[in-house]
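Quick notes on the structure that follows.
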Amino acid sequence: MRLLVCGDVMGRSGRDAVVAHLPRLRRELSLDFVVVNGENAAHGFGITEKLCAELYAAGADVVSGGNHSWDRREIIPYIAGDRRLLRPLNLPPGTPGAGSGVFPTADGRSVLVLNPMARLFMDAIDCPFRAVERELEATPLGKVQAVIIDFHGEATSEKMAMGQFADGRASLVVGTHSHVPTADAQILPKGTAYQTDAGMFGDYDSVIGMQKEVAIQRFLTKMPGERLQVAEGEGTLCAVFVETDDASGLARRVAPVRLGGRLVSAMPG
Ligand SMILES: [Fe+2]
Ligand SMILES: [Fe+2]
């Protein structure tokens, strides 16, 4: 199976990069399943029903979330009716929506997607490792043809620990949230593809996707200043491509994908 996980889509630049590149990538890489992180799709903060529809139309099978999932409050009543839109897995019991799901590919294979959120330098929530353990026990590889874990977090250590924790039990563990792609794409010893962060779909002439002037002022003055605004130059697409072995569900190949905008390009050979 051929999978793509796309990093955080940051505002209009990010959405434009999705529309400009994802339909073609879907064809050229013969992708069976695509996850897009949508937590910043609405001007950097949250996501709406209309933006979900845009991402689905461009080729996303599932839209994952993160700490910004609820920034646009109209998504709260919507999320229960859209099983393809995930919010973080390890939020308190009773939270609307779901943080995991089993989804079909066009040809009838099935993919488990998990969207745990990390805790280091983030809000205090339930343990992401135990939440992932429960999900992998209930739906192991074999029951489904692929398992994708989008681990939304700040600390590289926590994300790498999740990769090693799930090694041999997931097709791919990839981080989101930092908005910067890491150069550590690899297949771990027991067969799980891993990259600490996918990066973002957004303008890299910025501070993690926000206009640089206001962001710099915040660091200089340590005072509340102007509201951060999304940078709106040409976006780079940042994603991770994985090819799995259908018998085991484990990774045969992993490669970073970067296209457009300012970052040095990368495409699976
Ligand atoms: Fe983000
Ligand atoms: Fe985030």
Side-chain angles (χ1 to χ4, degrees), residues 4-18 22 34-48 51-52 54-55 60 62-73 75-76 79 85-91 95 97 99 113-126 128 131-132 148-160 162 173-182 195-212 214-215 218 227-233 235-240 256 258 261 263:
L4 190 76
V5 175
C6 302
D8 308 41
V9 173
M10 191 67 180
R12 169 154 304 282
S13 294
R15 297 190 326 259
D16 286 350
V18 172
L22 190 55
V34 175
V35 176
V36 174
N37 187 287
E39 69 152 2
N40 307 112
H43 307 288
F45 300 96
I47 188 160
T48 64
L51 298 181
C52 284
E54 254 184 53
L55 299 178
V62 164
V63 174
S64 57
N67 53 307
H68 289 294
S69 278
W70 308 124
D71 286 359
R72 292 293 294 263
R73 293 202 187 172
I75 209 67
I76 297 171
I79 197 167
L85 175 63
L86 299 180
R87 47 75 171 167
L89 175 67
N90 43 325
L91 293 176
T95 303
V113 182
L114 305 180
N115 187 198
M117 189 155 68
R119 298 193 288 191
L120 279 177
F121 317 119
M122 313 269 296
D123 281 349
I125 51 172
D126 292 350
V132 165
I148 295 171
I149 303 179
D150 168 355
F151 190 30
H152 197 80
E154 183 72 26
T156 50
S157 59
E158 194 172 6
K159 291 192 269 193
M160 201 173 274
M162 180 62 81
V173 175
V174 60
T176 54
H177 177 72
S178 83
H179 295 197
V180 178
T182 57
Q195 185 172 314
T196 297
D197 205 292
M200 71 170 168
F201 280 48
D203 177 5
Y204 276 90
D205 182 18
S206 69
V207 175
I208 64 168
M210 293 297 183
Q211 289 179 17
K212 54 195 173 185
V214 178
R218 286 202 171 187
R227 192 179 148 84
L228 290 167
Q229 301 283 349
V230 178
E232 298 212 305
T236 300
L237 170 161
C238 289
V240 179
R258 293 188 302 273
L263 296 193

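Positions are given from 1 along the sequence. Each ligand, and each atom within it, is numbered from 1 in the order the structure gives.
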For this session: Could you confirm whether N40 has any N/O/S atom lying under 2.8 Å from the Fe ion (ligand 1)?
Result: yes
For this session: Please note down the angle at the Fe ion (ligand 2) between OD1 of N67 and ND1 of H177, to the nearest 10°.
Result: 90°
For this session: Restricting to N/O/S, name the atom of E39 that gets closest to the Fe ion (ligand 2).
Result: OE2
For this session: With side chain to side chain donor-acceptor pair (under 3.5 Å) as the test, would you mind laying out the steps for E39 and H152 before giving the verdict?
Result: CA-CA 10 Å; E39 69 152 2; H152 197 80; 3.0 Å; yes
Exercise. Looking at CG of L237 and CG of D16, how far apart are the two atoms once the value is rounded to the nearest 0.5 Å?
Worked result: 12.0 Å
Problem set entry | the Fe ion (ligand 1) - name of the N/O/S atom of D8 that sits closest to it | OD2
For this session: Verify side chain to side chain donor-acceptor pair (under 3.5 Å) between D150 and T176, making sure each step is shown before the conclusion.
Result: CA-CA 7 Å; D150 168 355; T176 54; 2.7 Å; yes
Exercise. Regarding R227 and the six-membered ring of F45, is the cationic atom NZ or CZ under 6.0 Å from the ring centre and inside 45° of its axis?
Worked result: yes
